[in-house]
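The structure under discussion appears below in the form of structure tokens.
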There are 2 protein chains.
Amino acid sequence: MKAGEDEGGPVCWKGSEVKPAGGSLLSRLSATVSAPGWSKVSCPCCMSERVEPLVMVQLRADVGPETKRWLLRLIGASQKDGGAGLLAHPGEDATGDIIVVSAPRCTLLRATEELGLCKTYQNGEMEAFSYNDRDNFKDSENMEEFLTLAERQYMVKYELDGLRAQRDLRIPGLPDSCTLHKRDNIWQKLGSVGVIVDTFPLHNTGQLTDLSKAWYSGNQLAQPLDSVNRYFGSSVAFYFSFLDFYTWSLLPPALLGLLITYFSASVQKEVVESVSGSQGSGDQDDSGPGVSGHMLQAVFSMLWSTVFMELWKRRSASLSYRWGTLHLAERFAEPRPGFHGDLGVNPVTGRVEPLFPEWQRDLRMAVVSVPVVGLFLGLVVFGMTGFYWGEALAQQLTEDWGSLLSQTLLFLPSILHIVYTNMLATAYRKVAQFLTEFENHREESAFQNHLTAKVLVFTFFNYFAVLFHIAFFKQDVPLLRKRLSSLLIITQLINQVTEVVIPFLVDRFISAPHRTEREDDPQEDKFRNQGKLPPFPGLFGEYIELLVQFGYLSLFSCVFPLTAVLLLLNNLTEIRSDAYKICKLFRKPFCPPVANMGVWQIAFEVLSFVSVVSNCWLLLLSPQLQRMGEEGGMSGTNLLLAAVLVEHVLIFIKIIMSVLIPDEPDWIRKKREHIEYSSMQALRQQKLHTEES
Amino acid sequence: MKAGEDEGGPVCWKGSEVKPAGGSLLSRLSATVSAPGWSKVSCPCCMSERVEPLVMVQLRADVGPETKRWLLRLIGASQKDGGAGLLAHPGEDATGDIIVVSAPRCTLLRATEELGLCKTYQNGEMEAFSYNDRDNFKDSENMEEFLTLAERQYMVKYELDGLRAQRDLRIPGLPDSCTLHKRDNIWQKLGSVGVIVDTFPLHNTGQLTDLSKAWYSGNQLAQPLDSVNRYFGSSVAFYFSFLDFYTWSLLPPALLGLLITYFSASVQKEVVESVSGSQGSGDQDDSGPGVSGHMLQAVFSMLWSTVFMELWKRRSASLSYRWGTLHLAERFAEPRPGFHGDLGVNPVTGRVEPLFPEWQRDLRMAVVSVPVVGLFLGLVVFGMTGFYWGEALAQQLTEDWGSLLSQTLLFLPSILHIVYTNMLATAYRKVAQFLTEFENHREESAFQNHLTAKVLVFTFFNYFAVLFHIAFFKQDVPLLRKRLSSLLIITQLINQVTEVVIPFLVDRFISAPHRTEREDDPQEDKFRNQGKLPPFPGLFGEYIELLVQFGYLSLFSCVFPLTAVLLLLNNLTEIRSDAYKICKLFRKPFCPPVANMGVWQIAFEVLSFVSVVSNCWLLLLSPQLQRMGEEGGMSGTNLLLAAVLVEHVLIFIKIIMSVLIPDEPDWIRKKREHIEYSSMQALRQQKLHTEES
């Protein structure tokens, strides 16, 4: 179903026409009206009967009409006049507090080129889109076919975020203190003075219904990833693809875990039976599947994690080709709005823009970011030490006093620790944001990756510090097993409840009654209702959940073979609950086109190498192996030596495997090289043409 | 001094003019003679008064005149007629057994574009050369300025190697069995039937004298690397740059080694003195610099090796920019002559050429190459085991018998082992060559890298197996120290003698009298004399010597702190002796342009990681540390645990360091990105132009 169709024809509000008042910025604009209520387009090719509402801008309630008119003109003005080259609609009421934005064809096509998206060429191949060559790309007439909804909406945001004042300027209707200086980012400024409260993409009800039907309502095994990419954008689609791939990859370790549990259970039974003298066993291995099962599990999971990550990289490359994000040109585009520096000529693109030397960024990271992150990790350790110390003290006091009052004292360390950890996490998130801003990254993706990496390291450390402490310092395998299994079961239950059940209940019984929607509601109210939903919290939480899962599985799985089974079961529901969440419970997010999972890819790979160390260590600790060593006359030192040797060999094998399995399928490599070759040839040709002309 | 000038004007031999006989291939050729004796050039821009002799082709002595005439025509014919587009000269005697080859301007310029060399553009930047845009490149009028001698000579070889039969063809003057089939490689075929004995580049006496003066005759500290690159080509220049960089990088560890030796010597003296009661010592550390010195040395050398490799990568990138080899286009050029496969359209370049699927190559490597290499490594271990077993047996027998005869028996195992090892090495080299041919690599550089990697692994294993055996199995640090110091001193002395002194003496007293050269000798005899020198054995031997050195230094340096000092002294002479060798004692080699050290880079990096393992292990073994542990009440297991912990931390630091230090300087990254950006833009423009035309 196409946008607009379900509204019965073109969007046509009764909003009063905006008069082109006081020719401050747009005096040269002379265009024709396309759809009623929408601002005018300057280019005849962009005129169309139907305009699709893409993004809603929520203004402060008491914003003056002259400010809103100025904003409408700014959004509608062509790019060479310093505008965004978009289409703006003032909503039902011309003086109201919303603006609905759409994009004409030319702006979308130019943004496609600027972002470096690949689209289907006339010969059926994906090629980097070129505005000049637009007629040779498939569907380039019809924007709703050519670009996905997520791309169109992101492009609107991209253009709005890119608005910069062309000269010093007073914003009409605002106090004199709110003046824009030359090259100030307009959208950022308007946000900081509070004129713009929110900017969010609008749902397309028809498409959303179709998507949710195909995604989570039935008993589908496969997710409609292409539709997810079309509707939500590639970063969301990459998350769900990874979740899908990861879930199916859990099958082999889950099967192995089941087998091992079954056999060790049967061996224990047999041992019991043979002791009681009822039945003889001849076909069982002497060394006891308890140990060999654990070892098998550990070695298998160490190698499995490498194969899994390498195969995912290949899948990720082909998805990125399919979704046209293989050659994103972010580093050649305008820097992100928050980037600052001295104006200069970019040596790469030759454009005038703020420049910031690389070495200064490196210096800031090395001298400020790394020590601060280290400090916070130290504070986590400090908190844990304090907790253990406090617990011992409370134990001591309780024994000494023995009263009911002191019994409650036993809970004090835990409570204090939880409060401390939460405060630390909140403070850290602010600090991480500040540090990453301070590092002044040029590209949005670099910014996001550095921010994610910082939060990720801390969160992961927070989650795993206790387990590592038990494994490496207390060296208490039974406690580790107990802790791990309870963490697995309890956190998953809690996650499922907090992630889905509660939001669902809230949505159903508390929020929903307040925003009952009727078919004949005015369009504007429907849009406003979307703004009432909470904003999408981003994918960090989802990814970290997977990473922590993967950590349980790869780091400690040899102490609890059923980990993979539990995770598999959890993820099968997780796919559905995450899909339901993003479709129904939150506002639609803006998703920039991305070519891969970014820093998460690295996090999973690092974890898979750390897992070799931890598994070898846990195997060494296992009481069975210790007993076996004693029986076999191996000293503790020799056992340790053997473990170290095995660890080094496994790491070596993992490195070899990850080098040998190519990171992209052969056919993608060929296509990539073909593009490189054509670019090289084109560069040579271009010089010739420049020469001739 | 330019080629030809020292011969007093243009090269002008009295060789009889070759008549354009029987218009088999070249009937369409209608050109003007340029320099007397040389074949004609087809294009007016290539005509020049002076032709520089670049490459000599040595034919079989009894080759028929019609075969030689055919060859001359083939070399001289234009490329679209299936020739090499070069200039050929039949030598003094038209029926003699040599052909001298030169190259006209157009062929050189086209080859420059095909190889993807960068040259100085009119704006002073290095840019990928484009034939169409040739007039905007600096010096593109004068080939002897524009291209280096090494490049010109390599291009001649590149064109000759690329000759392919355009249709089935009988070679005149040869038996009917020697027919060329369509697309057969002509030069390979002629070599295999014995018509062509040798193809080698000619020295330019004037340039050579200048180069050797600046390189090794005086007491220069810096090598004339740019001149080396001009005269010998980038692969030789990269070796000498690395040797240079490596030698200077040895300074810090050498200084540290000297300090540690000095202080531990003075501590020992003090200990002796304090025992004899002559002098008190207060300022010395209690823990004994013996251990702490070794530890310092070990940790320092582990971190040093990473910094050294990372800085070399940066230097390598800037050298490659300076020498115009940053954007080599080998993968887009014609495949190497030995490459075979079904004819098809290359999906990258769109040209018709043999294709060979990647997966099949991977399969061959995995199923054939890896097991065979493993087998040979096993045979090395087998030989070593046999040697130890034989030695023990001989010892036993000598003790039992005690006669003089049985005394000589003691040497038998060593002799057998040496013979076995040598035979194994010879066989392995053949097998490696065969395996790499079988893997059927498309590019020459890939072929060379895979061949080098195979031989490298084996040679390295051969060199270090004994040392590893002593370190890890015998765990005998004093023996290791003795063996290492003797290896360092003896092998270096032997190397210096065999590499320089012997060849020098042979050259001076045995070869030289036979090829006395007088000023008035005919030019041809001077060329012939160069053919009498032995061919250059390649850089494998030089590189492996450095790698083994680096192995001694990084793997075992903590047992013998003076390693770096000895290596530094050795390398200072090595630079000179290697330079002398390549200039005087061998034929000039063909050197393809390369962008880096290829597989050697990886070998050094791998070694630097293995060094962490070996150093931690050796420190653990050191008797001082064992004693300290006992005194401090640490059990062997805890000591081992501490060593493993230190090892993991050091490897972690090394990985972080190698990630953080960028592999290319900032200014090169910008230039590279600029080229990528221009190519992207050009590709878009090109489509537009194609559209318009």
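Residue numbers begin at 1 in each chain, while the letters A, B, ... track the order of the sequences.
Contacts with chain A were tallied for B/Thr349, B/Asp362, B/Asp135; B/Thr349 has the most, counting heavy-atom pairs under 4.5 Å. The greatest number of non-hydrogen atom pairs below 4.5 Å with chain A, out of B/Val613, B/Asn346, B/Leu640, is found for B/Leu640.
Neither the backbone nor the side chain of B/His327 comes within contact range of chain A; no heavy atom of the residue lies under 4.5 Å from a heavy atom of that chain. Contacts of B/Glu647 with chain A are made by side-chain atoms alone, with heavy-atom separations under 4.5 Å and no backbone atom involved. No part of B/Tyr131 comes within reach of chain A, as not one of its non-hydrogen atoms sits under 4.5 angstrom from that chain. With a threshold of 4.5 angstrom between heavy atoms, B/Ala329 approaches chain A through side-chain atoms but not through N, CA, C or O. For B/Leu641, the parts lying near chain A are the backbone and the side chain together; criterion is any non-hydrogen pair under 4.5 Å.
We find that B/Arg110 and B/Glu113 are not joined by a salt bridge, their nearest charged nitrogen and carboxylate oxygen being 4.0 Å or further apart. Taking the charged nitrogens against the carboxylate oxygens, A/Glu676 and A/Arg672 do have a contact shorter than 4.0 Å, which makes a salt bridge.
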Evaluate the criterion salt bridge (Lys or Arg N to Asp or Glu O under 4.0 Å) for residue pair A/Glu673 and A/Lys670; output intermediate values, then yes/no. CA-CA 5 Å; A/Glu673 288 194 342; A/Lys670 281 196 189 121; over 6 Å; no
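Without hydrogens or angle criteria, B/Ser614 side chain to B/Leu555 main chain gives a donor-acceptor distance under 3.5 Å.
Taking the six-membered ring for Trp and thresholds of 30 and 60 degrees, B/Phe137 and B/Tyr121 have ring planes more than 60 degrees apart, a perpendicular arrangement.
In plain terms, the two heavy atoms of A/Ser140 and A/Leu109 that are nearest each other are O-CD1, 4.5 Å.
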